[in-house]
2 protein chains.
Amino acid sequence: METSVYAKDCPSRQILDRIGDTWSVLVVVMLADGAHRYTELAKRIEGVSPKMLTQTLRGLERDGLISRTVHPVVPPRVDYALTSLGQSLYGLVEGLEKWAEAHIDDVQAARVAYDSGV
Amino acid sequence: METSVYAKDCPSRQILDRIGDTWSVLVVVMLADGAHRYTELAKRIEGVSPKMLTQTLRGLERDGLISRTVHPVVPPRVDYALTSLGQSLYGLVEGLEKWAEAHIDDVQAARVAYDSGV
DNA sequence: CAGAATCCTATATGATACTG
DNA sequence: CAGTATCATATAGGATTCTG
């Protein structure tokens, strides 16, 4: 075990796992511009099932990345928003997007070359 | 589809998927300090099966992130190394590690609070 | 040594229907 | 509206064996 990243429970791995989770990142991006309700998220994040959305929101909430505010009204209204920690994570996601946009052409070209060569 | 990140095939998603992949990141980290042979990787990356290691290496190679050099000797010798694109990606991984180390305490505290509150 | 082939299981995810 | 419960499945991943 030379560097910490090899342990399953190291900090990097835990963050990596969350970043690698499709729905988590999408939710964070969605909430970057302000709070949203459950149904708004469900509608705007295409293809997500209620089950996965709830599971994702719970995970993000547990990690302190988003807040969940229940308004005691009928019908129910629940707002989700990024915490300051979540906003900090969003900064990381933005970095990822920048890298992706800057290098996706290289990756795509490499794939074409690889696929034609094999 | 408001932002590109919602598409399955957008640049960010593709990079995210690779970053989120356990073994890919570990291989990149392993190769950050220089080239390594297949068996070295297999030994030092704990718990990886030949199947997953090969699959991971092929994926990284296809994306132009690592190079694969076969030495025509007996017994076979194959070296893997980061390409310049791969080194660039490693920069991103380092950024992730820094964020993780800086904020893991907050995340952990949030988890404890959440678990005790529920 | 480097990896391919095979078999098998666990987990993640999806679809759907229901409820306070 | 904001979920929960249930069922079904796909597929990622692991263990193992074999070979150029």
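Chain letters run A, B, ... following the sequence lines, proteins first and then strands; every chain starts at 1.
In this structure, CG of L53(B) is placed 17 Å from P of dA12(D), rounded to the nearest angstrom. Atom CH2 in W23(A) sits about 17 Å away from atom P in dG3(D), given to the nearest Å. One interatomic measurement links the two molecules: CZ of R37(A) to P of dG3(D), which rounds to 10 Å at whole-angstrom precision. Per the geometry, CG belonging to L57(A) stands 10 Å off P belonging to dT4(D), to the nearest Å. Distance, L26(B) CG to dG13(D) P: 12 Å, rounded to whole Å. What separates CG of D21(B) from P of dG13(D) is a distance of 6 Å, to the nearest Å. Rounded to an integer number of Å, the gap from Q55(A) CD to dT4(D) P is 11 Å. Rounded to whole angstrom, the span from the CE atom of M52(A) across to the C1' atom of dT6(D) amounts to 16 Å.
When each of K51(A), R44(A), M52(A), E46(A) is checked for a side-chain contact (heavy atoms from CB on, under 4.5 Å) with V48(A), only M52(A) meets the rule.
Residues V70(A) and L53(A) are members of one and the same hydrophobic cluster, defined by side-chain heavy-atom contacts under 4.5 angstrom among Ile, Leu, Val, Met, Phe, Trp and Tyr.
Contact annotation: the side chain of D79(B) never approaches that of H36(B) to less than 4.5 Å [non-hydrogen atoms, C-beta and beyond]. At a threshold of 4.5 Å between non-hydrogen side-chain atoms, the residues L96(A) and V25(A) do not count as touching. Contact check for E40(A) versus M30(A): no side-chain heavy atoms found under the 4.5 Å cut-off. Within the 4.5 Å cutoff, the side chain of R18(A) has heavy atoms near those of the L65(A) side chain.
Of the residues near DNA chain C, P75(B) and V48(A), the one whose nearest nucleotide (by heavy atom distance) lies more toward the 5' end is P75(B). Nucleotides of DNA chain D nearest to P76(B) and R58(A) differ in position, and the one nearer the 5' end is that of R58(A).
Of the side-chain N and O atoms in Y80(A), one or more sit less than 4.0 angstrom from OP1 or OP2 of dG3(D).
Counting 5' to 3', DNA chain C first comes under 4.0 angstrom of a heavy atom of chain B and last does so at the ends given by dC1(C) to dC7(C).
Within the structure, the ring-ring contact (aromatic ring centres under 6.0 Å, His included) test picks out the following pairs touching residues 46-100 of chain B (sequence neighbours left out): W99(B)-H103(B).
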